[in-house]
Undergrad: 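Have a look at the structure that comes next, please.
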Amino acid sequence: GAVVSQHPSWVICKSGTSVKIECRSLDFQATTMFWYRQFPKQSLMLMATSNEGSKATYEQGVEKDKFLINHASLTLSTLTVTSAHPEDSSFYICSFIAGDGTDTQYFGPGTRLTVL
Amino acid sequence: QKEVEQNSGPLSVPEGAIASLNCTYSDRGSQSFFWYRQYSGKSPELIMSIYSNGDKEDGRFTAQLNKASQYVSLLIRDSQPSDSATYLCAVNKAAGNKLTFGGGTRVLVKP
């Protein structure tokens, strides 16, 4: 399967600071990628869909000014959590559509964010 | 009604037995169906995709799709303790579209 990396794997920050999470596809190019959030004992919740070179499409209830997504290239997307608060503490996971002619999504290893 | 429904479990299975997981979906126009496995604290990893009615086998895993009944299942043969995880069913309405996940079924394989 396709390989996706995320950095950092975990981060602890103070309330009010901003955190940037990078997501890279290592062995394929992808025009579409997704950012998810997962709270403990819950399933994945889609936050936004982004296409390379255009603005991200956010799901209902997700603040676009708080969660900034930049799909800089076919292999890199970043999610910035601005002015983070404790309620933003969660497991953030990116995924890419493989670009192998199927619509299979491959997930990055995730970033655990803890806001103090 | 949730778009994708799964029994949350836990589904307790003796080692070596068959684990049977079920998933139903509400949108009859759904095109693609996926099973992911998620270990605690980790991200989902793809087990299998299925697009056509019938069975699809990959190693110890078999996915079954019945579009008329809006039902997709996953069988795990010869279950191992390492199969203990949460299994997520995901449905895609159209190619390139977003996945809708079920709540997941927790499987416990007991030695």
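Residue numbers start from 1 in every chain, and the chains themselves are labelled A, B, ... in the order their sequence lines are given, proteins ahead of strands. Because the structure is a prediction, the values reported are computed rather than measured.
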Undergrad: Can you name the nearest heavy-atom pair linking A:Gly110 to B:Ser43, along with the distance?
TA: N-CB, 4.4 Å
Undergrad: What part of B:Leu99 gets within 4.5 angstrom of chain A, counting heavy atoms only: side chain, backbone, both, or neither?
TA: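 Its backbone and side chain both get close to chain A.
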Undergrad: Give a yes or no answer on whether the side chain of A:Ser43 reaches the backbone of B:Phe101 with a donor-acceptor pair at less than 3.5 Å.
TA: no
Undergrad: With a sphere of 6.0 Å drawn around CD of B:Glu15, does it hold more than 12 non-hydrogen atoms of other residues, nucleotides or ligands?
TA: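 Enclosed: over 12 neighbouring heavy atoms sit under 6.0 Å from CD of B:Glu15.
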Undergrad: In terms of hydrophobic clustering (I, L, V, M, F, W, Y; side-chain heavy atoms under 4.5 Å; direct or indirect links), are A:Leu113 and A:Trp35 co-clustered?
TA: yes
Undergrad: Above 12 or not: heavy atoms from other molecules or residues under 6.0 Å from NE2 of A:His85?
TA: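 Result for NE2/A:His85: enclosed.
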Undergrad: NZ of A:Lys20: more than 12 outside heavy atoms within 6.0 angstrom?
TA: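 No - once you tally the heavy atoms of other residues, nucleotides and ligands closer than 6.0 Å, there are 12 at most.
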Undergrad: Does a sphere of radius 6.0 Å around CZ in B:Arg106 hold more than 12 heavy atoms from other residues, nucleotides or ligands, not counting ones at 6.0 Å or beyond?
TA: no
Undergrad: Is there a path of hydrophobic side-chain contacts, each under 4.5 Å between heavy atoms, that joins B:Ile76 and B:Leu46?
TA: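 Cluster IDs for B:Ile76 and B:Leu46 differ.
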Undergrad: Is it possible for you to say whether A:Leu79 and A:Val11 belong to one hydrophobic cluster, with membership spreading through side-chain heavy-atom contacts below 4.5 Å?
TA: yes
Undergrad: Select one option (side chain, backbone, both, neither) describing which atoms of A:Gln42 are under 4.5 Å from chain B's heavy atoms.
TA: neither
Undergrad: To the closest 0.5 Å, what do you measure between NZ (B:Lys42) and CZ (A:Phe91)?
TA: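 Rounded to the nearest 0.5 Å, the NZ-CZ separation comes to 8.0 Å.
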Undergrad: Working to the nearest 0.5 Å, report the span between CD of A:Gln105 and OG of B:Ser32.
TA: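 With rounding to 0.5 Å, CD (A:Gln105) is 10.5 Å from OG (B:Ser32).
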Undergrad: Closest heavy-atom contact between B:Gln38 and A:Gln38?
TA: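 Nearest heavy atoms, B:Gln38 then A:Gln38: NE2-OE1, 2.7 Å.
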Undergrad: Find the distance between OH (B:Tyr36) and OG1 (A:Thr104) and round it off to the nearest 0.5 Å.
TA: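 With rounding to 0.5 Å, OH (B:Tyr36) is 6.5 Å from OG1 (A:Thr104).
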Undergrad: What's the verdict on side-chain contact (heavy atoms from CB on, under 4.5 Å) for B:Glu45 and A:Tyr106, showing C-alpha distance, side-chain angles and the deciding distance?
TA: CA-CA 7 Å; B:Glu45 54 180 325; A:Tyr106 292 93; over 6 Å; no
